[in-house]
Amino acid sequence: MDTFGRIVDYLRISVTDRCNERCVYCMPEGYKGWEQKADHLTAEEIVQVVRVAAGMGFRKFRLTGGEPLVRRDLQEIVQAITKIPGVACVGLSTNGTKLAGLAQPLRDAGLRTVNISLDALDAAIYHRVTGGRVADVLAGIRAALAAGFERVKLNAVLMRGVNEQELWPLVLFAAEHGLPLRLIELMPVTTTEVLTEGNFFSVAEAMELLAERDELLAQPRAQIGWGPAKYYRLRHTGALVGFIGGMTDLHFCESCNKMRLTADGKIRPCLGDHGELDLREMLRGSKPDEAVREVLETALARKPLGHSFRDQFKPCRPMTAIGG
Ligand code: SAM
Ligand code: SF4
C-alpha cells in the first residue's frame, strides 16, 4: 500500500526504448537519444526485479516499451517471470506489427493477456499516425485471437482531426471481434508540441460522437484488466468501450495501482511526475535483492497523490524510454 492507501500491485516494465514505429504522439521527430545496449537491463536483471517485486506483493506485470516485440529475448523473459511464485498475470502491450509470428510462442511461454494499439483502420491514416502498415497489425490481431490469450484489448489514442473519423469503424471492428476497445486521451509524454488544443480530443467528446450512433450504457462494475478505463457497453453494436481520461478525469489517480520500470532500470512511481529511482546500479552491486527491495519500497513511499500533467508538465524523456 502507498502513503495514500492505494494498493499498488502492478508493475509495468519497459523492456526496450526501441520501436519499429514512429507514432506522432509518442516518438519525437528525429529522436536520437536511444539507450545503449549496456544501459538496458538484461533479461536476468528484469527477472530479478520481478522476483523481488512479487515477494513484496506485486501481482500483475506488463511488458511494454518502446515496442517489446523488437527485443529478441522477450520469450525467455516471459517464460521466466510467469514461473515466479506470486506472479498472478503477465501481459504485453504492443503495436501488433510483429505479433503475427510471435503470438503463439508468447502464449506458449505463459503470456496471458495482450493489449494492441490500433489508432485507425484506414491504411493511410494509420500510416500517417504511426509510420507503419495497418495490415501487419490486423494480422497480429488475428494471430493473437488464434493463440488463445485470456484477453486481447485494443487501444486507440484520440487525436482531433486525425483519427476522429476512425472511431466508429474501430468500434464496429471491436464489436465484430468481441474485443474491448479503449480510447485514450493524449497526454504530454513526449514533446511539448504534441499536446496542443488543436490536437486534444477529450473522452467526453468521443463519448458524444459515439452517442450520435448508439446508446452508451455505463458498466460501473466492469473491470477488464488492471487499467484505469471507465467502461460502457454500446447497446446496439454490443461493443465494450473503455475511456481513459488521463487529462480530464479529475479522479484519475485515485485508484492508481502501478509503478513503472524503465528500459534503463529506473523505477518511476508515476508516469506524470519526473521522480525516478535507480535500480540498475543496485542490481549490479552486491546483495541486489535487498537493495532492490529497499528502492522499490522508497519508490512506493514517494508515489505522488496525482500526476502533474495539467500543470505545464514538460516531459524530460519520451514515453518509449519510460514505458507506456
Ligand atoms: N509499442 C507499444 C504500443 O504502441 O502499444 C507499447 C508501448 S506504447 C508507449 C503504450 C501505450 O501508450 C500505447 O497504447 C500508446 O498508444 C500509448 N501512448 C503513447 N504515447 C501517448 C501519448 N502521448 N498520450 C497517450 N497515450 C500514449
Ligand atoms: Fe512505438 Fe508504441 Fe510509441 Fe508507437 S506508441 S512509437 S508503437 S512505442
Side-chain angles (χ1 to χ4, degrees), residues 12-31 33-35 62-71 74 91-99 102 106 113-120 126-134 136-137 140-141 144 152-160 162-163 166 170 179-196 199-203 206 225-229 242-249 252 258 260-263 268 271-272 307 309-310 313-315 317-324:
R12 290 180 72 104
I13 302 170
S14 173
V15 295
T16 177
D17 66 343
R18 311 270 157 161
C19 188
N20 59 334
E21 290 201 322
R22 294 286 175 271
C23 300
V24 289
Y25 47 71
C26 179
M27 184 78 74
E29 214 172 307
Y31 180 65
W34 306 111
E35 299 295 340
R62 175 167 299 282
L63 303 173
T64 178
E67 175 47 44
L69 297 184
V70 305
R71 187 159 168 155
L74 189 72
L92 174 81
S93 286
T94 173
N95 61 32
T97 53
K98 289 177 173 286
L99 199 54
L102 290 168
L106 286 167
T113 70
V114 181
N115 292 351
I116 303 172
S117 290
L118 180 64
D119 293 328
Y126 182 86
H127 181 75
R128 189 174 146 209
V129 174
T130 67
R133 283 170 18 112
V134 74
D136 296 338
V137 188
I141 294 171
V152 177
K153 284 191 289 200
L154 302 176
N155 285 337
V157 174
L158 296 163
M159 293 190 82
R160 186 184 302 285
V162 178
N163 65 350
E166 285 296 290
L170 283 169
L179 303 172
L181 168 69
R182 301 187 311 167
L183 302 177
I184 307 172
E185 274 178 2
L186 198 56
M187 297 179 289
V189 287
T190 171
T191 53
T192 37
E193 297 82 57
V194 163
L195 184 67
T196 62
N199 281 342
F200 186 69
F201 191 62
S202 69
V203 295
W226 329 311
F243 295 89
I244 303 187
M247 300 302 291
T248 58
D249 179 355
F252 190 72
K258 58 180 160 298
R260 287 178 160 80
L261 175 61
T262 69
R268 186 149 171 142
L271 177 64
H307 65 62
F309 283 149
R310 283 182 291 267
F313 187 79
K314 298 239 184 320
R317 53 187 186 146
M319 183 85 148
T320 46
I322 299 167

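Please read these numbers as outputs of a predicted model, since none were measured by experiment. Scope of the values below: all heavy atoms of this structure, side chains included, with no hydrogens, waters or symmetry mates. Start at 1 and go down the list; that is how both ligands and their atoms are numbered.
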Q: Quick check: N115 and ligand 1, any N/O pair under 3.5 Å apart?
A: no
Q: Near V157, which atoms of ligand 1 are under 4.0 Å from a heavy atom of that residue?
A: 16 (O), 26 (N), 27 (C)
Q: Please enumerate all residues that pass side-chain hydrogen bond (donor to acceptor under 3.5 Å, both in side chains) together with R22, with sequence neighbours excluded.
A: none
Q: With atoms numbered from 1 as shown, which atoms in ligand 2 lie under 4.0 angstrom from a non-hydrogen atom of G66?
A: 8 (S)
Q: Could you report the tightest heavy-atom contact between E185 and G246, atom names first, then the distance?
A: OE1-N, 3.5 Å
Q: Below 4.0 Å from any atom of ligand 1, is there a heavy atom belonging to E185?
A: yes
Q: Using a strict cut-off of 4.0 Å, indicate which atoms of ligand 1 neighbour a heavy atom of N155.
A: 14 (O)
Q: Give a yes/no on ligand 1: does G96 have at least one heavy atom closer than 4.0 angstrom to it?
A: no
Q: Please walk me through it: do M159 and V24 pass side chain to side chain contact (heavy atoms under 4.5 Å, CB included)?
A: CA-CA 10 Å; M159 293 190 82; V24 289; 3.9 Å; yes
Q: Select the closest option to atom 7 (C) of ligand 1 among G66, P188, G246, judged by heavy-atom distance.
A: G66
Q: More than 12 foreign heavy atoms under 6.0 Å from NZ of K98: is that the case here?
A: no
Q: Any N/O/S atom of C26 sitting less than 2.8 Å from atom 1 (Fe) of ligand 2, backbone or side chain?
A: no
Q: Rounded to the nearest 0.5 Å, what separation is found between the CD atom of E21 and the NE2 atom of H127?
A: 10.0 Å
Q: For P68, is at least one N or O under 3.5 Å away from an N or O on ligand 1?
A: no
Q: Please determine which of N95, L92, T97 meets the side chain to side chain contact (heavy atoms under 4.5 Å, CB included) test together with L69.
A: L92
Q: Please list, in number order, the atoms of ligand 1 under 4.0 Å from a heavy atom of G65.
A: 7 (C), 9 (C)
Q: State the atoms of ligand 2, each with its element, that fall below the 4.0 Å cut-off from a heavy-atom position in C23.
A: 4 (Fe), 5 (S), 6 (S), 7 (S)
Q: Which ligand 1 atoms, with their elements, are less than 4.0 angstrom from a heavy-atom of T64?
A: 6 (C), 7 (C)
Q: Would S117 count as a contact residue for ligand 2, given that I'm defining contact as a non-hydrogen atom of the residue lying under 4.0 Å from a ligand atom?
A: no
Q: Going by the order shown, which atoms of ligand 2 are within less than 4.0 Å of some heavy atom of N95?
A: 7 (S)
Q: Under 3.5 Å, is there a donor-acceptor pair between the N199 and Y25 side chains?
A: no
Q: Assess the residue pair I141 and L154 against the criterion (side chain to side chain contact (heavy atoms under 4.5 Å, CB included)); give the C-alpha distance rounded to whole Å, side-chain angles, the decisive distance to 0.1 Å, and a yes or no.
A: CA-CA 9 Å; I141 294 171; L154 302 176; 3.8 Å; yes
Q: Please tell me if the side chains of R62 and P68 come closer than 4.5 Å, counting only heavy atoms from C-beta onward.
A: no
Q: Which is it for T94 and E67 under the side chain to side chain contact (heavy atoms under 4.5 Å, CB included) test, yes or no, and what are the steps along the way?
A: CA-CA 6 Å; T94 173; E67 175 47 44; 2.7 Å; yes
Q: So if I count the atoms of ligand 2 from 1 in the order they appear, which ones are less than 4.0 Å from some heavy atom of E21?
A: 6 (S), 7 (S)
Q: Going by the rule side-chain hydrogen bond (donor to acceptor under 3.5 Å, both in side chains), which residues pair with N163 if we only count those two or more places apart in sequence or in a different chain?
A: none
Q: State the atoms of ligand 2, each with its element, that fall below the 4.0 Å cut-off from a heavy-atom position in C19.
A: 1 (Fe), 6 (S), 7 (S), 8 (S)
Q: State which residue, out of D119, I244, V203, L158, fulfils the side chain to side chain contact (heavy atoms under 4.5 Å, CB included) condition with I184.
A: I244
Q: Which ligand 1 atoms, with their elements, are less than 4.0 angstrom from a heavy-atom of E67?
A: 1 (N), 2 (C)
Q: Please work out whether any backbone atom (N, CA, C, O) or any side-chain heavy atom from C-beta onward of D119 is under 4.0 Å from ligand 1, and answer side chain, backbone, both or neither.
A: neither
Q: Does the N or O separation between S93 and ligand 1 drop below 3.5 Å for any pair?
A: no
Q: Judged on heavy-atom distance to atom 5 (O) of ligand 1, which of S117, G132, S14 sits nearest?
A: S117
Q: Please confirm whether C19 approaches ligand 1 to less than 4.0 Å, judged on its heavy atoms.
A: no
Q: Side-chain contact, heavy-atom cut-off 4.5 Å: M187 with V157?
A: no
